[in-house]
Amino acid sequence: MQFYAHKARAAARMGDGRPVRDFLDAGRARLDRLPRPDYTEHHFIIDPDKWDFYEMDAYRLLGDDERAATHARSVIRIITGPAGTETSPMRAAEARLTLGVPAVRTGDIDEAIGMGTMALEADRESLPSLLLVADELDKELRSRYPREASARDVHERVMTLYGGSGRSAVSGGQSDGLLPRRVRRSGG
């Protein structure tokens with residue numbers, strides 16, 4: 001299944017929408033033919049609930065904001081238990097960052113900042129993929145709202161996650177192979 005997801009994301013990065021949809025549809029069709037697993041946390045078991053996450057990611061990369069947001073909301077709904085506890089904080093954080101990207105593109109800076117802040121304040125275990133999505137939101141905020149203090153605050157939070165390097169993955173900050181040196185567990 002991940003092969004289809006990776007192919008879809010690669011096509012999305014090249015801006016080619018047709019294969020993105022084709023790969024995602026093919027992956028979903030294969031996934032739907034499999035029995036639902038009892039224990040999805042096992043490393044070698046395919047978690048069918050993660051498919052919306054893959055679709056969200058591919059559509060965000062493609063710039064299909066409506067589909068990306070639909071899948072991001074689905075990801076949050078799927079991983080939120082009855083008591084409001086999120087079973088996968090990293091997926092939730094990336095989904096919120098994804099929701100922030102179309103919000104800023106449509107001029108809803110408050111929603112974009114709110115989603116970005118909530119995502120960046122979450123406890124996290126895996127930083128590189130989160131930073132890639134955070135960079136997308138940061139780039140959109142800085143290009144559309146360069147004088148907004150709240151946009152600069154998000155930028156500072158993202159840079160803090162990079163360990164103060166002042167460089168982002170989008171701007172080429174990781175071309176030298178550097179990964180973030182530390183992760184802050186608190187809100188900033």
Side-chain angles (χ1 to χ4, degrees), residues 2 5-6 9-10 12-13 41 43 47 50 52-63 65 68-69 71-76 78-80 84-188:
Q2 285 186 341
H6 290 305
R9 288 190 292 216
R13 283 186 177 99
E41 288 80 24
H43 182 71
D47 180 357
K50 195 169 182 180
D52 274 303
F53 178 82
Y54 292 138
E55 289 181 298
M56 168 195 81
D57 200 32
Y59 286 127
R60 187 195 66 255
L61 290 168
L62 183 62
D65 292 338
H71 289 289
R73 285 188 291 275
S74 180
V75 166
I76 293 170
I78 289 168
I79 64 169
T80 303
T85 304
E86 294 173 342
T87 57
S88 180
M90 283 303 300
R91 286 187 206 171
E94 289 191 39
R96 287 187 177 95
L97 289 168
T98 294
L99 288 169
V101 172
V104 76
R105 288 177 182 161
T106 59
D108 191 348
I109 187 172
D110 293 333
E111 177 73 3
I113 297 296
M115 288 290 118
T117 300
M118 192 182 310
L120 295 173
E121 288 177 349
D123 281 339
R124 49 200 158 268
E125 295 175 14
S126 174
L127 197 53
S129 64
L130 183 73
L131 284 171
L132 289 173
V133 185
D135 268 339
E136 289 180 52
L137 178 60
D138 181 37
K139 177 184 171 191
E140 291 290 337
L141 284 167
R142 286 185 298 123
S143 71
R144 295 169 193 263
Y145 300 99
R147 289 179 171 70
E148 283 290 327
S150 56
R152 289 193 306 272
D153 290 344
V154 169
H155 177 71
E156 289 303 315
R157 285 176 180 263
V158 172
M159 291 302 101
T160 297
L161 291 176
Y162 273 106
S165 70
R167 297 183 297 178
S168 71
V170 171
S171 66
Q174 293 205 345
S175 62
D176 56 0
L178 293 176
L179 289 176
R181 288 184 286 274
R182 66 178 180 254
V183 177
R184 291 201 177 200
R185 291 293 213 193
S186 66

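Starting from 1, each residue takes its place in the sequence as its number.
Here the OG-CG distance, from Ser143 to Asp138, works out to 9.5 Å after rounding to the nearest 0.5 Å. Note that CD of Glu94 is 7.5 Å distant from CG of Leu97, once rounded to the nearest 0.5 Å. A distance of 7.0 Å separates CG in Leu127 from CE in Met90, rounded to the nearest 0.5 Å. Distance CG/Asp57 to NZ/Lys50: 10.0 Å, rounded to 0.5 Å. Atom-to-atom distance recorded for Leu131:CG and Met159:CE is 8.0 Å, nearest 0.5 angstrom. Atom CZ in Arg105 sits 4.5 Å away from atom CG in Asp65 (nearest 0.5 Å).
At a threshold of 4.5 Å between non-hydrogen side-chain atoms, the residues Leu61 and Glu136 count as touching. When side chains are defined from C-beta on, Ile109 counts as touching Leu141, because their heavy atoms get closer than 4.5 Å. Counting heavy atoms from C-beta on, the side chains of Val104 and Tyr145 come closer than 4.5 Å. Annotation: side chain of Val158 is not in contact with side chain of His155 (no heavy-atom distance under 4.5 Å).
Residues that satisfy the side-chain hydrogen bond (donor to acceptor under 3.5 Å, both in side chains) test with Arg96, not counting sequence neighbours, are Glu86. Judged as a side-chain hydrogen bond (donor to acceptor under 3.5 Å, both in side chains), and not counting sequence neighbours, the contacts of Asp52 are His71, Ser74.
Scanning both residues, Ala103 and Ala112, for their nearest heavy atoms gives CB-N, 3.7 Å. Smallest separation of non-hydrogen atoms from Gly116 and Leu137: CA-CD2, 3.6 Å. Smallest separation of non-hydrogen atoms from Ile76 and Ala95: CG1-CB, 3.7 Å. Considering every non-hydrogen atom in both Tyr162 and Asp135, the closest pair reads OH-OD2, 2.7 Å. Closest approach of Ala93 to Leu130, counting heavy atoms only: CB-CD1, 3.7 Å. Closest approach of Ile113 and Ser150 over heavy atoms only: CD1-O, 3.5 Å.
Within the 3.5 Å criterion, the main-chain N or O of Arg147 finds a donor-acceptor partner in the side chain of Arg152.
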